[in-house]
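First the structure, in the form of C-alpha cells, and then the observations on it.
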Amino acid sequence: MDKRIIVALDVKEKKKAIDIAESLSDIVFAFKINWPLVLYSSPEVIGEISQYGKVICDFKVADIPYTNSLITERVRDLGAWGIISHSFLGEESLKSVVNAAKGMHVFSVVAMSHPGSDMINSNAMQLMKLSIECGVYGFVAPANKIDDLRMIRSATDRVIISPGIGAQGGDPYTAVLNGSDYLIVGRSVYESDKPELEVSKLQQTAERAIEDR
Ligand code: XMP
C-alpha cells in the first residue's frame, strides 16, 4: 500500500527536524516544511531534509507573478519536490508558480482548515477551476471540514493533501474516506513520544478508509 502520511516539521530546532525526518524516512510519503523551520534555521534545511524523503514547501506563495517566480525557482533549486501556492491571487500569479516549478509539484490552496477560513472556502470551486486551468498537480483541502473536502473531491481527480488532523480536530478515517489522498500531520506526530507509532497508526487508518471507499 502507498504511504499516506505527510509529516509537517514545524519545529524550531533543525536538529529535531532532522532527527524526526531520519526516523520516519521509510514510513512517510513526504515531509512538509513551513516558514517556522526555515526562519529558525536556514533555507538550506530544505535540501538537508530532502535526504530523508520528498519535501513539500508550504510557503503559500501569494504575490505578484515576478516575485512568485523568484520564490519558486529558489525552492526548486534547494531540492524541494513540491510547493504549496495560494490561488486567490489569480491566474497570472498561479501560472508563474507552475511555470517556474519546471517539474516540481505545485499544490494549490483552495480551502483552509482554520476557524474563519470561510472567506476562501466559499470560493473554492472558482479557485479550483482556475487552478486546473493553470496546470497544478494537486490541491490542499481541509481534513476537518468534510463538506468542503467532499465538494473539492467531486470536482477533481487530482491529488488532494489534507491538513487539519489531530490538533485541529479532523478525523483521519473520515478525511480519507471522503477523498483525501494524503494526510498532513504535524503536532500529533512531532510532539509525540513515539512519532513512528503515531505515523504507523495513521497509515493503518488511511489504508482502512481506502478499502472502505
Ligand atoms: P498540525 O500541527 O495542525 O499542522 O497538524 C498542520 C500543518 O499544516 C499547515 N496547515 C495548512 N496548510 N492549508 C495549508 O496549505 C491549510 O488549510 C492548512 N491548515 C494547516 C500548518 O501551517 C501546519 O504546518
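Since the structure is predicted, the reported quantities are computational estimates derived from the model, not experimental observations. Each ligand, and each atom within it, is numbered from 1 in the order the structure gives.
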* Does any donor atom in the side chain of Asp148 or Asn121 lie under 3.5 Å from an acceptor atom in the other side chain? -> yes
* To do: Considering the heavy atoms of Val109, write down every atom of ligand 1 situated less than 4.0 Å from one of them.
  => 15 (O)
* Protein residue, atom and distance nearest to atom 23 (C) of ligand 1, heavy-atom basis -> Asp10 OD2, 3.1 Å
* Asked: Which atom names give the shortest non-hydrogen contact between Ala143 and Gly164, and what distance separates them?
  -> CB-C, 4.3 Å
* Just by distance, with hydrogens left out, do Ser117 and Lys145 show a side-chain donor and acceptor under 3.5 Å apart? -> yes
* So, Glu48 and Lys14, do they make that salt bridge, N to O below 4.0 Å? -> yes
* **Nearest candidate to atom 22 (O) of ligand 1, where distance is taken over non-hydrogen atoms, out of Asn34, Ile161, Ile165, Val189** => Asn34
* To do: Indicate, with yes or no, if Ile18 and Tyr40 share a hydrophobic cluster defined by side-chain heavy-atom contacts under 4.5 Å among Ile, Leu, Val, Met, Phe, Trp and Tyr.
  => no
* Asked: Is there a nitrogen or oxygen of Ala167 sitting under 3.5 Å from a nitrogen or oxygen of ligand 1?
  -> no
* Asked: Which ligand 1 atoms are under 4.0 Å away from a heavy-atom of Lys60?
  -> 11 (C), 12 (N), 13 (N), 14 (C), 15 (O)
* Asked: Quick one: do the Tyr173 and Asp212 side chains pair a donor with an acceptor below 3.5 Å?
  -> yes
* **Residues Phe31, Tyr52; criterion ring pair (Phe, Tyr, Trp, His ring centres under 6.0 Å); working and verdict** => CA-CA 9 Å; Phe31 298 104; Tyr52 303 102; 7.6 Å; no
* Identify whether Leu183 and Ile210 are in the same connected component of the hydrophobic contact network (ILVMFWY, side-chain heavy atoms under 4.5 Å). => yes
* Contacting atoms of ligand 1, where contact means under 4.0 angstrom from a heavy atom of Met112 -> 13 (N), 16 (C), 17 (O)
* To do: Could you list the atoms of ligand 1 found under 4.0 angstrom from a heavy atom of Val140?
  => 13 (N), 14 (C), 15 (O)
* To do: Indicate whether the side chain of Ser188 and that of Glu198 have a donor and an acceptor atom separated by less than 3.5 Å.
  => no
* Asked: Considering only heavy atoms, does Ser113 approach ligand 1 within less than 4.0 Å through its side chain, its backbone, both, or neither?
  -> both
* For ligand 1, is His114 a contact, meaning one of its heavy atoms is under 4.0 Å away? -> no
* Asked: Can you tell me which residue and heavy atom of the protein come closest to atom 10 (N) of ligand 1, and the distance to 0.1 Å?
  -> Pro163 CB, 3.8 Å
* atom 6 (C) of ligand 1: the protein heavy-atom neighbour that sits closest, reported with distance to 0.1 Å -> Gln168 NE2, 3.9 Å
* To do: Closest by any non-hydrogen atom to atom 2 (O) of ligand 1: pick that one out of Lys32, Glu191, Arg187, His86.
  => Arg187
* **Nearest neighbour in protein (non-hydrogen) for atom 5 (O) of ligand 1** => Gly186 N, 2.8 Å
